[in-house]
Amino acid sequence: MKANASTLGSAQIIDGKATALAIREELKVSAKRLTELGAKPGLAVVLVGEDPASQVYVRNKDRAAEAAGFDVHTIRLPEETTQAKLLAEIHSLNDNPDVHGILVQLPLPKGGDLNERETVRAISPDKDVDGLHPENVARLVMGERGFVPCTPAGCIELLDRYEIPIEGKHAVVIGRSMLVGKPIAQLLLARNATVSMCHSRTADLASMCRQADIIVAAVGVAGLVRGDWIQPGAAVLDVGINRGEDGKLCGDVVFDEVRQRAGALTPVPGGVGPMTIAMLLRNTAISAARAAGVEL
Ligand code: GUN
């Protein structure tokens with residue numbers, strides 16, 4: 001993919017929005033083929049409660065799945081739903097052959113008896129398109145076939161589509177969450193990068209970053225990664241989603257500084273974010289293909 005012309009700095013701006021749309025177009029073709037084989041991809045999205053941000057995320061996932069020609073089963077449950085009721089819903093989706101992917105939007109409401117860990121464990125690992133079930137975490141670490149969490153999968157896809165080499169490179173991952181930091185480190189390792197895991201207790205984060213060919217910033221601290229932390233030409237993936245002091249959405253990277261030195265950089269918004277939904281759809285299509293015994 002070609003770089004966007006940039007007048008300010010030299011970094012190639014990685015266009016996650018355009019890349020995600022291209023993948024969603026590719027998935028339309030896959031969905032059509034699977035439908036003809038009698039395996040129309042089906043995605044179930046479970047939303048408990050009324051959290052406004054979660055409602056927006058769920059609506060975006062539903063729309064994208066429908067636009068790609070998938071069946072969408074949206075299950076909205078009230079805030080006061082019990083753990084037993086939620087588990088019963090998940091078991092019924094596990095047993096439903098029309099459902100190939102199950103996603104329970106997190107976080108679950110606090111205050112009742114809902115338990116996120118138990119809920120994620122209840123999802124069949126073969127339908128866990130979020131890649132959060134311990135079985136899928138283990139498969140990722142062991143290099144076995146499973147489902148990879150969507151945001152880290154999107155990061156790797158961006159590196160690949162922009163032809164940014166991974167093998168033999170030094171990747172610095174900032175953040176150790178189960179959703180991004182830990183799985184992206186495993187994916188980079190599996191592609192033969194040398195991976196340094198950094199976090200809030202890392203002694204000298206700036207000097208670690210200065211040794212990086214690839215930086216993945218996923219901590220949720222606005223303005224953490226500065227321009228003088230960047231080795232000239234490094235690729236920088238900004239996974240942070242924060243509200244800046246001006247109220248605008250921003251990442252963990254000081255964009256206007258980092259773009260002066262990086263070789264490639266993802267913006268916020270429009271970088272890694274849109275890739276998450278594209279990867280969710282891809283995981284669901286992969287699941288439908290596996291269930292039908294065909295290659296995607
Ligand atoms: N809430 C925020 N991000 C995610 C995600 O990737 N998966 C789920 N299930 N919930 C989320």
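Just so we're clear, the structure is a prediction, and the values are computed from it rather than from any experiment. As the structure lists them, so they are numbered: ligands from 1, and atoms in each ligand from 1. Below, each value reflects all heavy atoms present in this structure, side chains not excepted, and no hydrogens, waters or symmetry copies.
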Has [X] got more than 12 heavy atoms of other residues, nucleotides or ligands less than 6.0 Å from its [atom1]?
| X | atom1 | value |
| --- | --- | --- |
| Glu295 | CD | no |
| Arg121 | CZ | no |
| Glu36 | CD | yes |

> Val239 versus Cys155: any side-chain heavy-atom pair under 4.5 Å?
Replying inline: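 Yes; the side chains approach each other to less than 4.5 Å.
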> Hey, does Leu34 have a side-chain heavy atom less than 4.5 Å from the side chain of Lys40?
Replying inline: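 Not touching, per the 4.5 Å side-chain cut-off.
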Using a 3.5 Å cut-off on N or O atoms only, is [X] in polar contact with ligand 1?
| X | value |
| --- | --- |
| Gln105 | yes |
| Asp130 | yes |
| Val104 | yes |

> In the protein, what heavy atom is nearest to atom 10 (N) of ligand 1, and what distance, to one decimal place, separates them?
Replying inline: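 Here the nearest protein heavy atom works out to Leu106 N, 3.0 Å.
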> Of the protein's non-hydrogen atoms, which lies at the shortest distance from atom 4 (C) of ligand 1, and what is that distance?
Replying inline: Leu179 CD2, 4.1 Å
